[in-house]
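The structure appears below as structure tokens.
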Amino acid sequence: MTPATAFLRSRGIAFTEHSYEYVEHGGTAVSADSLGVPEHEVVKTLVMQDEQAKPLIVLMHGDRKVSTKNLARQAGRKSIEPCRPELAQRHTGYQVGGTSPFGLRKPLPIFMERSIGALPSIYINGGRRGFLVRLKTEDLVAVLKPQIVEVSLED
């Protein structure tokens, strides 16, 4: 059990567990290929920070990138950039490559790409490298209450 699966269980959220062979810098392409699912349905949990070094989470389709310029504008920040791996781990409690938006070390603002909401279910990190959980998108939205943004760029 991970903090993410404990979080989901404690809130009565149904999910299935999916393990795959983790590949350093393999990203969502590796997990999607391994599980035989579209990369668009595998959601990345990205840890970023604003101009004041305040952390935030961005949920994005595996086959898309985040426009940090658009995200900063929609989030009402001056600028946003990815966190360094050691900072991301300190903020979330998760190792990079195993970051989940569930069961974070401390509450962080969560932003989600609007089109993720159109998917009936998604695969998202379950709290360790090589481990995804699949759940209904409506359950993710209900429990995380993310701010909806439109910041995706084709990968």
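The shortest distance between side-chain heavy atoms of F102 and I124 falls below 4.5 Å. Residues C83 and H91 meet the side-chain proximity criterion, which asks for heavy atoms closer than 4.5 Å. Residues V66 and L153 fail the side-chain proximity criterion, which asks for heavy atoms closer than 4.5 Å. Looking at heavy atoms from C-beta onward, I110 lies out of side-chain contact with T45 at the 4.5 angstrom threshold. Residues K78 and D50 form no side-chain contact, since every pair of their non-hydrogen atoms from C-beta on lies 4.5 Å or further apart. L144 places a side-chain heavy atom less than 4.5 Å from the side chain of L59. You'll find the side chain of L135 stays beyond 4.5 Å of the side chain of Y123, heavy atoms only. Counting only heavy atoms from C-beta outward, the side chains of L132 and L35 approach each other to under 4.5 Å.
For the pair R129 and F131, the cation-pi criterion (under 6.0 Å, within 45° of the ring axis) is not fulfilled.
Using modelled atom types, one side-chain atom of E39 and one backbone atom of A29 make a donor-acceptor pair closer than 3.5 Å. A donor-acceptor pair under 3.5 Å links the side-chain atoms of K44 to the main chain of R64, judged by distance alone. The closest donor-acceptor contact from the side chain of Q49 to the backbone of K54 lies at 3.5 Å or more, if one exists at all. Judged by distance alone, with hydrogens and angles left aside, the side-chain atoms of Q74 form a donor-acceptor pair with the main-chain N or O of E150 at under 3.5 Å. In this structure a side-chain-to-backbone donor-acceptor pair under 3.5 Å is present from E113 to S152. Of the possible polar contacts, one joining the S100 side chain to the N125 backbone as a donor-acceptor pair under 3.5 Å is found. Between the side chain of Y94 and the backbone N or O of A4, at least one donor-acceptor pair lies under 3.5 Å. Not a single donor-acceptor pair under 3.5 Å links the side chain of T5 to the backbone N or O of M1. Looking only at distances, a side-chain donor or acceptor of T28 sits under 3.5 Å from a matching main-chain atom of G62.
Salt bridge status for R9 with E17: present, with a side-chain N to carboxylate O gap under 4.0 Å.
Between Q147 and A75, the closest heavy-atom pair is NE2-CA, 4.4 Å. Closest of all the heavy-atom pairs between P146 and M112 is CB-CB, 3.7 Å.
Hydrophobic clustering (ILVMFWY, side-chain heavy atoms < 4.5 Å, transitive): V133 and L104 are in one cluster. Taken together through direct or relayed side-chain contacts under 4.5 Å among Ile, Leu, Val, Met, Phe, Trp and Tyr, V141 and V58 form parts of separate hydrophobic clusters. I57 and L8 fall within the same hydrophobic cluster, where Ile, Leu, Val, Met, Phe, Trp and Tyr residues are linked whenever their side-chain heavy atoms come under 4.5 Å apart, directly or through other members. Cluster membership for V43 and V47, using ILVMFWY side-chain heavy atoms within less than 4.5 angstrom, is shared. Under the 4.5 Å side-chain heavy-atom criterion for grouping Ile, Leu, Val, Met, Phe, Trp and Tyr, L108 is not connected to V149 through any hydrophobic cluster.
Once rounded to the nearest 0.5 Å, the distance linking CD of E81 with NZ of K69 reads 15.5 Å. Note that CD of E138 and NZ of K136 are 5.5 Å apart. Values are rounded to the nearest 0.5 Å. One finds the CD atom of Q52 at 9.5 Å from the OG atom of S79 (value rounded to the nearest 0.5 Å). From T68, atom OG1 reaches atom CD1 of I80 across 7.5 Å, with rounding to the nearest 0.5 Å.
Within 6.0 Å of the CD atom in E21, the count of heavy atoms belonging to other residues, nucleotides or ligands does not exceed 12.
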Before you tell me yes or no, could you show the steps for L56 and F111 under side-chain contact (heavy atoms from CB on, under 4.5 Å), namely the whole-Å CA-CA distance, both residues' side-chain angles and the distance that decides it to 0.1 Å? CA-CA 8 Å; L56 56 105; F111 297 85; 3.9 Å; yes
Derivation and outcome, side-chain contact (heavy atoms from CB on, under 4.5 Å), residues R134 and H18: CA-CA 8 Å; R134 182 177 188 225; H18 305 269; 3.6 Å; yes
Candidate pair M60 and L46, rule side-chain contact (heavy atoms from CB on, under 4.5 Å), full reasoning: CA-CA 8 Å; M60 181 55 70; L46 304 168; 4.3 Å; yes
side-chain contact (heavy atoms from CB on, under 4.5 Å) for I122 and T137? Distances and angles first, verdict last. CA-CA 6 Å; I122 56 153; T137 309; 3.6 Å; yes
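In the model, S115 has a side-chain atom that pairs as donor or acceptor with a side-chain atom of H61 under 3.5 Å.
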